[in-house]
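Only one structure is covered here, and it is reproduced in the block below.
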Amino acid sequence: MGLIFLFIVIVLFGVSGLFYINRLSEEGRQVLKNNQESLLYCNRMLQSLEELRTEKNALDVFQDNLKKQQGNITEIGEREATDELAKNFNEMLIDPTDSSNYIDIRRSIYKIQDLNELAILRKNAIAQRTAESATNVLTIVFTILTLVSFTFIFNLPGIISGPISSLSEGILAIAGKNYKKRIYLRQGDEFGDLANAFNIMAGKLDEYESSNLAKIKFEKSRIETIINQMRDGIIGLDEKRNILFLNAVSEKLLGLKETEISGQYAPDIALKNDLMRTLLRDDPEKKDLKIYADNKESYFSKDVLEVTNNTEIIGQVIVLRNITPFHELNEAKTNFIATVSHELKTPISSIKMSARLLTDLRVGQLNGEQQELIRSITDDADRLLKITGELLNMSQVETGNIQLKLQPADPATIVDQAVQAVLFQAQQKGIRIHAAVADDLPLIQADVEKTSWVLINFLTNAIKYSPDQSGVEVAVYRSEDKVEFLVTDHGKGIDEKYLPRIFERYFKVPGTHDRNGTGLGLSISKEFIEAQGGHIWVSSQVGEGSRFGFRLTAA
Ligand code: ADP
């Protein structure tokens, strides 16, 4: 439209300009042709009249110009004046001496001149008017076109940019996932079509989004149902540790409702909730949790799973696995072991006793083979007693039934007792036990029997895993208000990777060929020492030997 308008402007202006220029030039030409030429003929006739006597061809010039004038009659009265001139000229030819004829000729010529000059003035006035009206018309056309052009200049960008900006606004809304956005352009041009196409696209996207949302909602409620039906407690946290969800079990355990705490910062809740505090704490030992809920005691193991998205952690799921049935089974097993080992102790002791009686000469003389058999029965009975003893200790530890007889005790006595107990075993392998007990030792607050049991266990292991003819050192010294016991051997040592597991129940270093070992000794030792408020540790290097130690508080 803009271009069409500009074209019309150019055509209109050009046509009207041309029209007026044409008209003005036509009028000018007419003036030249009609009147200016007549004036020229008149001037020439006047001049040749002056030269009649002096110039031979003056008469011819006159006649020639008279003829031309007769052929250029344009004004009213010009014909009569020209005819009169011709008549006067003829009379002058008849009587050239009569001077009145010359006067008449001149008068006629002047008349023709006047007529033409007046005509020139008149025509000039007409041309003036034409020029004025041309100026007026062109000024009006110019003003109108200028006004229209200005409105175009001011409105045209708006007409184009208005729809473009509402379209780009719409596209930005779609990019921001606002699929409800529509554009309303009430115009039947290309912009209107574009807006319609945009609205159709937004409608389709909206439809797609709604159907996807419904699907996601369905999946969400399905997963929620599954999580809620689980017997394990499940708590979801986001990357900032805000609570996302709790299932029914964890609601019961925590005594909190999901609706109450959802979206809250978990450590804030932990301030008022003990279980939440335990759950958020990093627990390297991974102890089972004993939780009293629903009027009964239940056991749970805590598992923290990181939720990741392309290696980026976007949250955590804390799983509280209900291990109560396993606990109950474990308890039954421990009770069974305790009962069996307790019941076995008496018959084994009586086997030992009977074997000793058999070696008594009063019972009868035994041959060498019989003596060997009896020694083997005694060894096996000893081994069985050790094993049942350990199993009994272990079951006591597991059921939490350790009976401690804490009293001030002399560390040197404990060391003596332990060394005496393993002396025979050491001698058999030619191992020397060197005990270095510091002089300034205070008494310790300890259960003597259990502490020597631990030291005997350390020494037995040291002898067991040392080469023949080597040495084992026992060192006891004071460290601030504690007393430390160390047993060092120069045996095969323990691989670094097994050290963290060495105090675990039933753990034996792979490749250990020890028929008598149960893998319980060190775990019981740890329980005994920790029950007395002490600390136990190990350091070892393969090929160099091992050092086991514990410390107890001075009395
Ligand atoms: P066990 O009754 O089988 O000896 P322990 O709990 O006393 O059980 O020891 C666990 C494991 O630790 C053993 O099987 C052995 O492999 C390793 N171990 C204990 N003490 C030593 C030591 N002084 N040197 C090398 N290995 C040892």
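Atoms considered below: every heavy atom in the structure, side chains included; atoms not considered: hydrogens, waters and symmetry mates. Just so it is clear, the structure is predicted and the values come from calculations on it, not from any experiment. All ligand and atom numbering here is 1-based and tracks the order in the structure.
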E390 versus W453, closest heavy-atom pair with distance: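 Heavy atoms of E390 and W453 come nearest at CG-CZ2, 3.8 Å.
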
Give the residue, atom name and distance (to 0.1 Å) of the protein heavy atom nearest [atom].
atom                    : value
atom 12 (O) of ligand 1 : I502 CD1, 3.4 Å
atom 23 (N) of ligand 1 : D489 OD2, 2.8 Å
atom 10 (C) of ligand 1 : F507 O, 3.4 Å
atom 2 (O) of ligand 1  : T518 N, 3.4 Å
atom 26 (N) of ligand 1 : I494 CG1, 3.4 Å
atom 13 (C) of ligand 1 : Y465 OH, 3.4 Å
atom 16 (O) of ligand 1 : T512 OG1, 2.9 Å

Donor-acceptor contact below 3.5 Å, side chain S376 vs main chain E372: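 Between the backbone of E372 and the side chain of S376 there is no qualifying donor-acceptor contact (under 3.5 Å).
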
Polar side-chain atom of K352 near backbone of A381 as donor-acceptor pair, under 3.5 Å: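 Answer holds: no.
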
Non-hydrogen atom of F548 closer than 4.0 Å to ligand 1: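 Contact check F548 vs ligand 1: positive.
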
Stepwise side-chain hydrogen bond (donor to acceptor under 3.5 Å, both in side chains) check, T460 with N457: CA-CA 5 Å; T460 319; N457 189 51; 5.3 Å; no

With nothing but distance in play, are any N or O atoms of [X] less than 3.5 Å from an N or O of ligand 1?
X    : answer
G519 : yes
N461 : yes
S523 : no
L522 : yes

Is there a side-chain contact between [X] and [Y] in this structure, where contact means two heavy atoms from C-beta onward sitting under 4.5 Å apart?
X    : Y    : result
F198 : I174 : yes
L305 : V319 : yes
I529 : V454 : yes

Salt bridge present between [X] and [Y] (N-O < 4.0 angstrom):
X    : Y    : answer
D440 : R478 : no
K180 : E209 : no
K215 : E219 : no

Side chain, backbone, both or neither: K492 near ligand 1, heavy atoms under 4.0 Å: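 No part of K492 comes within reach of ligand 1.
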
Interfacing atoms of ligand 1 (cut-off 4.0 Å, heavy-atom, V509):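 The atoms of ligand 1 under 4.0 Å from a heavy atom of V509 are 14 (O), 16 (O), 17 (C).
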
Numbered atoms and elements of ligand 1 in range of K464, under 4.0 angstrom, heavy atoms: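 Once the distances to K464 are compared, the set is 4 (O).
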
